Amino acid sequence: AAGAPDADVTLIAPIVARLDGLPLAIEIAAAHAGVVSLAQLRGDLDRQLDHLHATRRGVPSRHATLRSSVEWSWGLLEPEERAVLAQCVVFSGGFGLEAAEAVVVLPGARAQGTVRQRLVRLTERSLLKPQSGLGRDGRLALYECVRELASEHLDDRPAVEARHARWAHALVREAGALD
């Protein structure tokens with residue numbers, strides 16, 4: 001049909017964007033696209049970790065599902081890195097260093113280093129992504145599949161959300177928006 005390629009592009013682009021452009025996630029989703037409609041596939045991506053499974057034989061177990069891939073990466077993290085990543089799930093749309101330092105609490109008195117060092121390591125390990133382009137204003141964001149898993153590991157969500165709310169309130173107050 002004459003309009004089919006354009007229709008596919010309008011359905012594929014949001015799927016790729018929802019998968020944050022991650023090659024493994026796109027490859028797994030592409031295999032599913034032959035069985036389910038693109039619209040159904042897009043709907044399934046609200047729970048990426050549990051819906052995307054590799055279909056080829058011989059795929060390493062850590063690449064068999066998006067969940068296993070993210071869990072494998074999670075397992076390689078130090079406890080402090082896991083805590084920082086889990087606490088970052090309260091930021092929707094991205095965050096800067098100041099915001100993270102105001103909201104994230106490193107666990108235990110023996111925690112070595114700073115939140116900044118942990119954010120650098122998580123970015124190096126491709127679990128956080130720089131949100132800005134070449135201007136590099138220091139904003140970071142979580143990949144949605146990482147957010148999903150990290151959210152499952154967030155201890156004391158009410159305390160983290162309370163710190164986030166205090167930070168956001170102070171930001172709004174500082175900007176004079178409450179006057």
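From a predicted model like this one, the values you see are computed outputs, not experimental measurements.
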Show the atom names and distances, to 0.1 Å, of all donor-acceptor pairs under 3.5 Å that link a side chain in residues 89-106 to residues at least two apart or in another chain.
none

- request: Just do the side-chain contact (heavy atoms from CB on, under 4.5 Å) check on Lys129 and Leu140 with the steps written out, would you?
  value: CA-CA 6 Å; Lys129 61 182 174 179; Leu140 298 169; over 6 Å; no
task: Take Gln117 and Thr114 through the test side-chain contact (heavy atoms from CB on, under 4.5 Å) and record every step on the way to the result.
output: CA-CA 5 Å; Gln117 290 170 326; Thr114 64; 3.5 Å; yes
- request: Take Ser151 and Arg157 through the side-chain contact (heavy atoms from CB on, under 4.5 Å) test and state the conclusion after the steps.
  value: CA-CA 9 Å; Ser151 183; Arg157 180 180 290 273; 2.5 Å; yes
- request: Determine, step by step, whether Glu161 and Arg166 satisfy the salt bridge (charged side-chain N to carboxylate O under 4.0 Å, His left out) criterion, reporting the C-alpha distance in whole Å, the side-chain angles of both residues, the deciding distance to 0.1 Å, and the verdict.
  value: CA-CA 9 Å; Glu161 289 175 344; Arg166 283 192 300 275; over 6 Å; no
- prompt: Arg118 and Glu81: salt bridge (charged side-chain N to carboxylate O under 4.0 Å, His left out), yes or no, with the steps?
  reply: CA-CA 6 Å; Arg118 298 310 190 277; Glu81 293 166 338; 5.3 Å; no
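Put simply, the side chain of His164 does not reach to within 4.5 Å of the side chain of Val160, judged on heavy atoms. When side chains are defined from C-beta on, Trp74 counts as touching Leu149, because their heavy atoms get closer than 4.5 Å.
Residue Leu128 is grouped with residue Leu77 when hydrophobic side chains (ILVMFWY) are merged at heavy-atom distances under 4.5 angstrom, including chains of intermediate members.
Side-chain N or O atoms of Arg82 include none that pairs as donor or acceptor with a backbone N or O of Leu154 at under 3.5 Å. With Arg139 contributing its side chain and Pro130 its backbone, the two residues share no donor-acceptor pair below 3.5 Å.
A distance of 5.5 Å separates SG in Cys88 from CG in Leu119, rounded to the nearest 0.5 Å. The structure places CG of Leu142 at 10.0 Å from CD of Gln131, a figure rounded to the nearest 0.5 Å. A distance of 9.5 Å separates CZ in Arg147 from CG in Leu85, rounded to the nearest 0.5 Å. The distance from the CD atom of Glu71 to the CD atom of Glu152 is 7.5 Å, given to the nearest 0.5 Å.
Atom CZ of Arg125 has more than 12 heavy atoms from other residues, nucleotides or ligands within 6.0 Å.
Heavy atoms only, all atoms of each residue included: Ala86 and Ala150 are closest at CB-O, 3.6 Å.
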